[in-house]
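All remarks here apply to the structure that follows.
In what follows, chains are A, B, ... by sequence order, proteins preceding strands, each numbered from 1. Everything numeric in this text was worked out from a predicted model, so none of it was measured.
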Protein chains: 2
Amino acid sequence: MVVARRDLALRKIRPNGGPEDFDRWQQRKSSLTRESILDAAVDSLVESGYAGLSTNDVARRAGVSRGAMHHHFPNRIALVRGMIEHVFYSRMRYFLDDFVARLKVIDNADAELQPHVIAVELHWHSVQSREFEAYLRLAVAARNDPELAEAFDPAAKLYDEVWLEEMDHAFPQWRNAPELMRLASDFTQAVQLGLLINGSTIGEDRVRMIQNELIGIVMRLAEAAKR
Amino acid sequence: MVVARRDLALRKIRPNGGPEDFDRWQQRKSSLTRESILDAAVDSLVESGYAGLSTNDVARRAGVSRGAMHHHFPNRIALVRGMIEHVFYSRMRYFLDDFVARLKVIDNADAELQPHVIAVELHWHSVQSREFEAYLRLAVAARNDPELAEAFDPAAKLYDEVWLEEMDHAFPQWRNAPELMRLASDFTQAVQLGLLINGSTIGEDRVRMIQNELIGIVMRLAEAAKR
DNA sequence: ACAAAAACCGACAAGGTTGCCGGTTAACGG
DNA sequence: CCGTTAACCGGCAACCTTGTCGGTTTTTGT
């Protein structure tokens, strides 16, 4: 089942598990408020940026007292560390849910020709999500905040590993040319990340032209992978 | 002279002029400390992010009293507005200086074949500069800060216009296919912006592969423009 | 030389943020 | 049923940031 595969991938990103993994009420409730705090933290991150994220604001958004907050995350950096895992988890989950939803609708006739186009479109969709926005903030802030980078970089690398594994599993056509698939994946990510930032400046039309060019490149790489 | 062209482009970005444009000492000095404040603000922006940028810190870095600071920029948003123009100005200057420096070294034999490769490399170099880092911070922060976006977006669009004009002037080979040149430019910017952020995660080797692929694409577009 | 204007200075109040801690409520285990 | 442990609460002190303002120094124009 494809859903089982999804859960497997997600568990690699968040090994400790979420609320659904606990039976005793206390642990479950604890994990639940922990999640709500992390969710609120992501909201605050997206709205105020990394430096503007305040533990005060997070507690207010989560509807939790500052004391409870302190119980789960003794200080700001602990909150940030928790948030990083949460962000990568959400980002992966967002894409995978999108993906399995799309698989069910897919016409088997298209299945052989169009998967690359669909993958590029799905990725573009995921890039515009709140989850990716949070990732972006963290990635940019980590560029010159050693404390943040220390927690962020390993998480990002883990995400990249799991991502490539999933791609490999989802697109067996590429299996005999993994470096080309990686190139196509990296390229798509780079282009669409850049597009996310520059898009509002250059306008819809130019964005669309770049997307088309990107799809052409991915399909060209796919052709090359067949040989 | 190519330097004259450089100054012309720069003047479009910063119409009001810098310290070198004033004769009377008072105006000159004023403009000078203004610049030093903005420079310090960029430092602070790059180190602390947009939300973490504090006027206090800026004044300290610039070696200026808070009073003087207030004289030039009555409040935070005024400082930000000044900073935006300053950032785009610096970014353009950085690239153009790089460009004219490279022009002097260029072998005339290569001149016909390699300019695209050189342009891509120069752009990659400029993307890694402090000036671009500041741009990145602003662009990301402006995504959900309406007050910032109000000042940032027009400046970004102006920059884009001037940039395209300069490209058009520097690469007359493309002149009969301006939309292809724009596509190549947009594409390069998007890829390298994405690479700047993802680079530390995916590692040098993969970055290099993407760069090579990008160069191939630009050259293919250049070929298409000839017809 | 002198008055006006511009540039610059340092301190203050109001408000927000962080980390910390004593105390309270709820759940678990024997 | 009760002691122990975990979850949660709200206030305090120290610090930082922003905006504002009265006063001082330097330059300019006459």
Just the rounded figure in Å: distance from [atom2] of [N] to [atom1] of [X].
X       : N      : atom1 : atom2 : answer
B/Arg76 : C/dG16 : CZ    : P     : 16 Å
B/Phe22 : D/dT28 : CZ    : P     : 13 Å
A/Asp57 : C/dT18 : CG    : C1'   : 14 Å
B/Leu32 : C/dA7  : CG    : P     : 13 Å
A/Asn75 : C/dG19 : CG    : P     : 5 Å

Does atom CD of B/Glu204 have more than 12 heavy-atom neighbours from other groups under 6.0 Å away?
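Open: at most 12 neighbouring heavy atoms sit under 6.0 Å from CD of B/Glu204.
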
Would you indicate whether B/Arg11, at its atom CZ, is surrounded by more than 12 heavy atoms from other residues, nucleotides or ligands within a distance under 6.0 Å?
no

Can you check ring pair (Phe, Tyr, Trp, His ring centres under 6.0 Å) on B/His125 and B/Tyr94, steps first, answer last?
CA-CA 10 Å; B/His125 185 230; B/Tyr94 185 94; 5.8 Å; yes

Just distance, no hydrogens or angles: give the donor-acceptor pairs under 3.5 Å from side chains in residues 147-154 of chain A, sequence neighbours left out.
none

Side-chain donor-acceptor pair present, A/Asp57, A/Ser44, cut-off under 3.5 Å:
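Distance-only check passes for A/Asp57 and A/Ser44.
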
Heavy atoms under 4.0 Å, any strand shown: does B/Ile77 hit a base, just sugar-phosphate, or nothing?
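Result for B/Ile77 = nothing.
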
Please determine, for the side chain of B/Thr55, which listed nucleotide (D/dT17, D/dT18, D/dG29) has the closest atom?
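Nearest nucleotide to the side chain: D/dT18.
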
Between B/Tyr50 and A/Arg137, is there a cation-pi geometry (under 6.0 Å to ring centre, at most 45° from the normal)?
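No - A/Arg137 does not lie over the ring of B/Tyr50 by the 6.0 Å and 45° rule.
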
Give me the residues of residues 78-87 of chain A where at least one heavy atom lies under 4.0 Å from an atom of DNA chain D, by number, or none.
none

Can you label the angle between the A/Tyr159 ring and the A/Trp163 ring as parallel, tilted or perpendicular, going by 30° and 60°?
parallel

Assign a letter to each nucleotide of nucleotides 4-16 of chain D from its 5' end: B, base within under 4.0 Å of a protein heavy atom; S, sugar-phosphate only; -, no contact.
--SBBBBB-----

Given B/Asp205 and B/Arg208, is the salt bridge (Lys or Arg N to Asp or Glu O under 4.0 Å) satisfied, shown in steps?
CA-CA 5 Å; B/Asp205 293 345; B/Arg208 213 167 310 132; 3.8 Å; yes

